[in-house]
Amino acid sequence: MAEYYDLLGVSRDADADTLKRAYRRLARQYHPDINKDPGAEDRFKEIGRAYEVLSDPQTRARYDQFGEAGISGAGAPDMGDMGGFADLFETFFSGFGGAAGGGGASRRRGPRQGDDLRLDLSISFNEAVFGQEKEVQIRHLETCDTCKGSGAKSGSGPTTCGTCGGQGQVRRATRTPFGSFTQVAPCPTCEGTGQVIADPCGACGGQGVQQVRKKLRITIPAGVDSGTRLRVAAEGNAGQRGGPAGDLYVYLFVQSHDKLRRDGIHIHSDVAVNYLQAILGDTIEVDTVDGAANLEIPAGTQPGTTLTLTGKGVPKLGNPVARGNHLFNVKVQVPTKLSNHERDLLEQLAGHHSAKDHPHKSGLFGGLFG
Ligand code: ZN
C-alpha cells in the first residue's frame, strides 16, 4: 500500500482541516456508486484507511514514528495472544487492547487513555555498569495549552454531530462481487465521537492535543543491560477527553567496549603476560571498570588460565551492593626476538633441561611445575 500521506495527496505536516478536505474530495471521486472504473473501489478503501489513521492524532503520531508497523493492529479486537511479542507490542497497541467495556466506535466517545511510546536509547558500557543521568529528547502528544484539551475555541463547546445524530456511527452500503452489505462504520464527520466542534481551536485543529518536543532527564540505574526496559510514567501521549496519559518506555542498548566484555554481572577481558611472568609469577596492573587494579599472576600460570578479581564486575540491577567478578583470560607471550645475553641464559637452561630423563619432574622446571 502506498504511503498514507501520498494516498491523500497531502504533506506530512498537513493539519486536520487539510486532511479532511483531501479525504472528502477523494472519497467523492472514488466512491463506488459514482466511479465505475476497475480499481476505484480498492482505491476508495485505501483512502478511507489512510484517513482513519491520519485523522486520529494518536494513530497518526504512531504512524509517523513507526510507519505501517505501528498501526497494523489498529482496530483489532484483541491483542492478547501476541505470544513472545506481547511485551514489545503492548507499547504500540495499548490504545486498542485491553480497554474495558464497549467495542468498536462507541469506545472512542468516552475519555481515552493516551498511547504508550517507545524510545530506543544507546548508552556506553560504563554507563550501563554504574548508572547515569541522561537527558533525552522525545516527541509526544500533550494536552493543548490553548483550549485545555477541549478542542473548541474559547467560549464555544462541542455540539451534537448532525451527520450521525450523536450516535457516532453511520450505516454504509458496501457493494462487493457477492452482493450489497450494510456496514456500521464510525461517523466520518465526528470520527465516532458523536460530537462536533463548530469552532475548533486554532492551535490544535480541534483535536485537543498537540505534538510537542520535550527534553527529559532519565535516571539509568546501575547494572542495566541491553534489552532492559525503563518505564517513565505519564510521559507517553496525552489522553483525550480527560483520559490519562500513556507511559514512555525506554529500551536500552549497551555499546560494546574495546577491551571489556559483559556476561550478565561478570566482566571478561584478556590479559597478556610474558613467559617469565607466567613461570616466575608477578603482580601486574590491569584495567577494570573501577580503573587500574593489581592482579597477581601466580608462579606457573598456564596459557588460557582464568584469574579472578572478586567484586570488580557489574552491580546487580536493583541491589548494587552485590557485584559480579572480573575474569581475566591469561595470554602468555613468547618472544620472537632475544638479545644475545637472553639467548645464552636460555641455552644454558635448555642444556640443563635436556640432560635429564624426566625434565618435568626435576631441576628448575620440576620445582615450578611439579
Ligand atoms: Zn487546542
Side-chain angles (χ1 to χ4, degrees), residues 4-5 8-25 50-66 70-71 74 94-96 99 102 105-117 119 137-169 186-216 232-248:
Y4 290 150
Y5 291 100
L8 295 175
V10 297
S11 65
R12 285 200 145 247
D13 52 10
D15 61 21
D17 246 20
T18 310
L19 276 173
K20 189 176 275 188
R21 275 199 307 276
Y23 167 67
R24 286 188 173 159
R25 182 174 52 77
Y51 183 65
E52 188 189 330
V53 168
L54 298 185
S55 60
D56 182 313
Q58 302 272 3
T59 48
R60 182 178 178 176
R62 211 159 38 204
Y63 179 73
D64 286 347
Q65 203 165 359
F66 304 112
I71 44 99
S94 67
F96 296 97
S106 61
R107 194 198 293 162
R108 302 176 56 180
R109 298 171 67 188
R112 183 169 165 191
Q113 174 159 16
D115 279 321
D116 294 337
L117 293 176
L119 175 75
Q137 200 167 52
I138 60 161
R139 277 177 51 173
H140 66 183
L141 294 175
E142 287 187 1
T143 301
C144 174
D145 265 347
T146 309
C147 65
K148 305 284 176 259
S150 76
K153 231 178 209 150
S154 63
S156 71
T159 54
T160 303
C161 173
T163 308
C164 62
Q167 293 302 304
Q169 299 180 334
C187 172
T189 309
C190 64
E191 289 151 24
T193 60
Q195 296 187 319
V196 286
I197 290 155
D199 201 2
C201 166
C204 64
Q207 299 293 353
V209 289
Q210 282 177 305
Q211 190 80 244
V212 173
R213 274 180 200 281
K214 182 178 182 181
K215 282 181 181 166
L216 276 182
V232 188
E235 290 293 353
N237 281 336
Q240 282 175 290
R241 296 178 287 281
D247 297 328
L248 173 72

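Computed from a prediction, not measured in an experiment: that's the story for all the values here. When a ligand or atom number is given, it counts from 1 through the structure's own listing order.
With hydrogens and angles ignored, the 3.5 Å screen pairs a side-chain donor or acceptor of Y63 with a backbone N or O of Y4. Looking only at distances, no side-chain donor or acceptor of Q169 sits under 3.5 Å from a matching main-chain atom of G194. Under a 3.5 Å cut-off, the side chain of D116 and the backbone N or O of L248 do not form any donor-acceptor pair. Checked by atom type and distance alone, the side chain of H140 never pairs as donor or acceptor with a backbone atom of N237 at under 3.5 Å.
With a 4.5 Å cut-off on side-chain heavy atoms, R112 and D56 count as touching.
Listed by chain and number, C144 SG, C147 SG, C201 SG, C204 SG are the protein N/O/S atoms closer than 2.8 Å to the Zn ion (ligand 1), with waters left out.
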Kindly list each side-chain donor-acceptor pair under 3.5 angstrom involving residues 206-213, sequence neighbours excluded, with atom names and distances?
unit_1	atom_1	unit_2	atom_2	d
Q207	NE2	S55	O	3.4
Q210	NE2	A203	O	3.2

